[in-house]
Amino acid sequence: MKVIYIEKAQWASGLEKAGDSFRLWGPVRRGQFYAFEELAGGQVPALDFRNTRLSAKGLVYPQSEKMFEYTLDPGQPDHDLLKEAQKDYSPRAVLGIRPCDADAFELVARNFDTPEYQDPYWLRAREAVTLVGLACAAPCSTCFCTSAGSGPFSTKGLDILLVDSGGNFLAQVATPKGEAFAQAAGWRQPADDAAAAEIDRQRQVAEARIDSHVATERLRQQDTLTLHAAPFWDDVAFACINCGTCTYLCPTCWCFDIQDETHGRQGVRLRNWDSCMFPLFTLHGSGHNPRGQKVQRVRQRFMHKLKYYVDKYENGIQCVGCGRCVRHCPVNIDIRKVCELMNSYTLAGDSCAVVS
Amino acid sequence: MRAYTEKIREIARRLLEACTVERVLGFRRGSVPMMNAPCFVKTPAEAANLVWDSNCGINLANYLTSRSEKIGIFAKGCDSRNIVTHIIENKIRREQLVIIGVPCHGMIDRHRIAAMADGEIREVVEDENNIIVQGDGFKKVHNRHDVLQANCAVCTHRNPVIYDELVADLVEEPGDVDRYRDVREIEALSAEGKWDFFDDLLHDCIRCYACRNACPLCYCPTCFVDESRPQWVGKSQDPVDVRTFHFLRAYHCAGRCTDCGACERACPVGINMRVFTKKLEKDCLEKFGWEAGLSLEARPPLDAYRPDDPDDFIR
Amino acid sequence: MGIEPGRLQFSWISSAEATKFVEVAQAVTETVKALGPNTHFVKHEAKVA
Amino acid sequence: MQNPYLPYAVRIEDIITETEDKNLKTFKLAFENPADEEKFAYAAGQFAELSVTGKGEIPIGIASSPTEKGFVMFTVNKVGLVSSHLHTMQPGDLMGIRGPLGNSYPWELLEGKNVVIIGGGFAFTTLRASIVYMLDPANRSRFGDIHVIYGARSPGMLLYRDELAGWEARDDIHMHITVDATDDPHWKYNVGFVPTITEKKAPQADAETYAIICGPPIMIKFTQPVLDNLGYGHDHIIMSLENRMKCGIGMCGRCNIGRHFVCKDGPVFTLAQLNGMPKEY
């Protein structure tokens, strides 16, 4: 993979230059945490963060977005017809996204880009964005990306991966989109052979610092109904308050709701993030609710991520190990522990089934 | 507070062994620093999982709503006041509960401590007065009072107001606490200033409803934000809808809120939504002489009419 | 909250006090008109992406 | 890029109030743009999202048969925001439909087979589509015996009453219409719950006979043992499910039963398939 040098002295000026052809987003400190915000001209992203509170999911898949516009005014020729909302899909770049969050876009694409249907909003936004990642030299205690298919230096989903090496960034240019961004920023100094070795050295150090892991190797072979009926769900779910924190902070949760909002005679059809934690998510018009109880909803979240997804795509778990849900769950429900329960679960008595 | 843990385990074991209660509601050690998880202990052996320290901030009254078993519950001052509110509002019966009072020294603010750390926190331990934070290549000692959760720092009801037995001797209630400085500052703003203040306050809200769901007062079967006929509030991130949610939720807590801080503690994006409920709390105190959850007998101010109720806002 | 004083008013009017009702309605209308169009808590279209 | 969320514009051509409680109305819809009708090529058992601009969308089974040209038909129960508003709409009004969505009944598999249709209440819509489809002169010879057991609470709650009478009069379909109870002295069909009538009237199982069941959960619960007794294998029992939906294309995440989406992998599943899935429907 091509590696270029970006002297830190050229970082800000490069971004300014890239700003001519890209809208730029990056982490900005807000109070006690960091959030992705659009950068004003000349503003540089704050790269001293461990990770942003919210993932970069919303930059491609906004929490609320317009799908269609309409008028209900019978005097208008196109009344009651939905028209595609005009949206800005001009080129943009996200600076400083963590590799785990970038990998999440690859994962979520499996939901939004299918052989039968393509979600035009997600795909256009994804196409418009260039991801300039920042390698994770100091992973958090709750990070388990290496056992969730990603890693602190993973380039999956990224167009450029920046590795901090003191006075400059070593930038791995992973895609043509990344190449175009580097061009726009005027960063073109090729790195020498030592750069790749330096990146590899740093990667090994960072990976070794991750001491949190999940075992997932048995999830596939577990029987769905057996896991579904496992007795541990009551205990896992007891403390859950059914808020949407885990799902909204998660870079790989993709569920949404569609709503019409009319003001006067004009209106919009919107889509909003939704959460399997909310009872309303599955409530039938008749009042029947197939997941009306908390334990059913908590089970759904974990079964989806760690069993249904695993079976459906045969491509790992629906989790990149960013650890946000672990850090921010108000009642400390820890996906790592649940994964362990699910992965290691055996029906009582199974161990006795030894062939004599 | 270390001694609390031993005592708590002993009490839980005793209650379960004697079948005085079917379950005991307490905390177990969490999987990350400064995080304990509410748990339901069902057998005497499981009582050994219970812990108590400065990370037991979740309001356990939240887990009592409409339960039918006989339950032992460990209650700090604020928990006990919400238990009272639950009993008054018929969400649980007093006879179902064995309340074990836990005189409280205040819970710590994990978000603030994390923001003050010089790196990733690996372990947090505490002694009588200090919180000792250790992480990758650093160690920091905080005075407990400096890192208390915001509501705990101004708490005037640390002792449980209702209990069947106590874990330890009652603690001294802080005397000269200015509970409403922040509210007065907002009250002093112009209308426009207030509007901007709340705009900024709610800027990061993601409507995950953690504040609502962590709140023991928010037990409506269908919250007003979830109603579809009529739909009172839009469901998007539109700032007017976000504000409507927070502001109406706060009003639903008027005269009921004990300032337990559950909402703020649960918020994943650090919104100080207590300024809403505290204003109402302050009004209840100043206009009706009312503090929620102190008595099983007195009726809440919004629940009873008195001829001397303040009415100078009515023309 | 940031609603200008005058936009929110409370009155206690008995069903027999028709005159008071008229007076209050007129007074409220005048006060609100003087304040001009409301700018807060008005949603024309959801401000979203 | 084709936008799968964009409905085809349709105009309400006719509205028929089906039941005596007036909670069920059939909407006959015609495409505004004739080319859309061709794109909306469907099979009996599929559904569509009915879009009422300003209110939202609801997933509803297609009640017309693909053999019926020039319109599509939906029978809608008045329950929520969108369906209630739909019930106030008038012929000539514009709305949208999105689809066809989901799988259909397995018509290739059913070719040459006997088909037993068991329906209850207002869940008869895609069953009507199936009957009309099979009875079409071009199709009838492709199927063996056809039995239909259809019940409602009372005569006035049966859907498509004129058509039912027409089918009763034919000799190439065995109709077993029933009501839970009636005080109508002129009622000339069966009285009794669907499971009871199934027990009496449904043919014995064999490899060549498939049952399609659609109805309220309580009916399904009590009909299944009857079919078991008659010897129907679970891969010979075909069901159509409902779950809350939004997108209808397997993306929004709410209608899943295990790894399967009712909207995209269903709504039609065999009982054998359902036996291996969590009971979240």
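The shown structure was predicted, so the numbers you read here are calculated from the model rather than taken from an experiment. Heavy atoms only: backbone and side chains are in, while hydrogens, waters and symmetry mates are out. Lettering of chains follows the sequences in order, A, B, ..., and the numbering in each one begins at 1.
The minimum heavy-atom distance linking A:Cys243 with B:Ala210 is given by the pair CB-CA, 3.3 Å. Contact detail for A:Asn332 and B:Ser31: the closest heavy-atom pair is OD1-N, 2.8 Å. Pairing each heavy atom of A:Ala239 with each of B:Pro38, the nearest pair is CB-O, 3.5 Å.
Using a 4.5 Å heavy-atom threshold, the side chains of A:Asp334 and B:Met35 count as separate. Under the 4.5 Å side-chain criterion, counting only non-hydrogen atoms from C-beta, B:Asp204 is not in contact with A:Leu54. In this structure, B:Tyr63 and A:Val331 have side chains that are in contact, with non-hydrogen atoms separated by less than 4.5 Å.
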For residues 134-143 of chain A, run the donor-acceptor check on the side chains, cut-off 3.5 Å, and write out each pair with its distance to 0.1 Å, sequence neighbours left out.
from     : atom 1 : to       : atom 2 : distance (Å)
A:Ser141 : OG     : B:Glu120 : OE2    : 2.6
A:Thr142 : OG1    : A:Arg327 : NH1    : 2.7

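Taking chain A as the reference chain and counting heavy-atom pairs below 4.5 Å, the highest number among B:Cys211, B:Gly119, B:Ala262, B:Gly234 is found for B:Gly119. Chain A forms the most heavy-atom pairs under 4.5 Å with one residue out of B:Arg212, B:Gln231, B:His111, B:Arg265, and that residue is B:His111.
Heavy-atom distances place both the backbone and the side chain of B:Ile206 under 4.5 Å from chain A. Only the side chain of B:Leu25 has a heavy atom closer than 4.5 Å to any heavy atom of chain A. Of the two parts of A:Gln32, the backbone and the side chain both hold a non-hydrogen atom closer than 4.5 Å to a non-hydrogen atom of chain B. Residue contact with chain B, scored on non-hydrogen atoms closer than 4.5 Å, involves the side chain of A:Asp211 exclusively. Interface remark: A:Arg30 contributes side-chain atoms only to the contact with chain B (heavy atom separation under 4.5 Å). For A:Cys246, no part sits under 4.5 Å from any heavy atom of chain B, backbone or side chain. Only the side chain of A:Asn272 comes within less than 4.5 Å of a heavy atom in chain B; its backbone stays farther off.
Judged purely by atom type and a 3.5 angstrom limit, B:Asn213 uses its side chain to pair as donor or acceptor with the backbone of A:Asn242.
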Salt bridge (charged side-chain N to carboxylate O under 4.0 Å, His left out) assessment of B:Lys42 paired with A:Asp234: CA-CA 12 Å; B:Lys42 304 179 193 79; A:Asp234 276 329; over 6 Å; no
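Taking CD of A:Gln63 as the start and CZ of B:Arg207 as the end, the distance is 8.5 Å to the nearest 0.5 Å. Rounding to the nearest 0.5 Å gives a distance of 5.5 Å between CD of A:Glu261 and CG of B:Asp241. Atoms OG and CD, from B:Ser228 and A:Gln259 in turn, are 8.5 Å apart once rounded to the nearest 0.5 Å. For the atom pair CD of B:Gln237 and CD of A:Glu65, the computed distance is 12.5 Å after rounding to the nearest 0.5 Å. How far NZ of B:Lys235 is from CG of A:Asp274: 8.0 Å, rounded to the nearest 0.5 Å. The line from CG of A:Leu270 to CG of B:Asp238 is 9.0 Å long, rounded to the nearest 0.5 Å.
We find that A:Asp235 and B:Arg28 are joined by a salt bridge, their nearest charged nitrogen and carboxylate oxygen being less than 4.0 Å apart.
Ring-plane geometry between B:Phe40 and A:Phe238 is classed as parallel, the angle between the planes falling under 30 degrees on a 0 to 90 degree scale with a further cut at 60.
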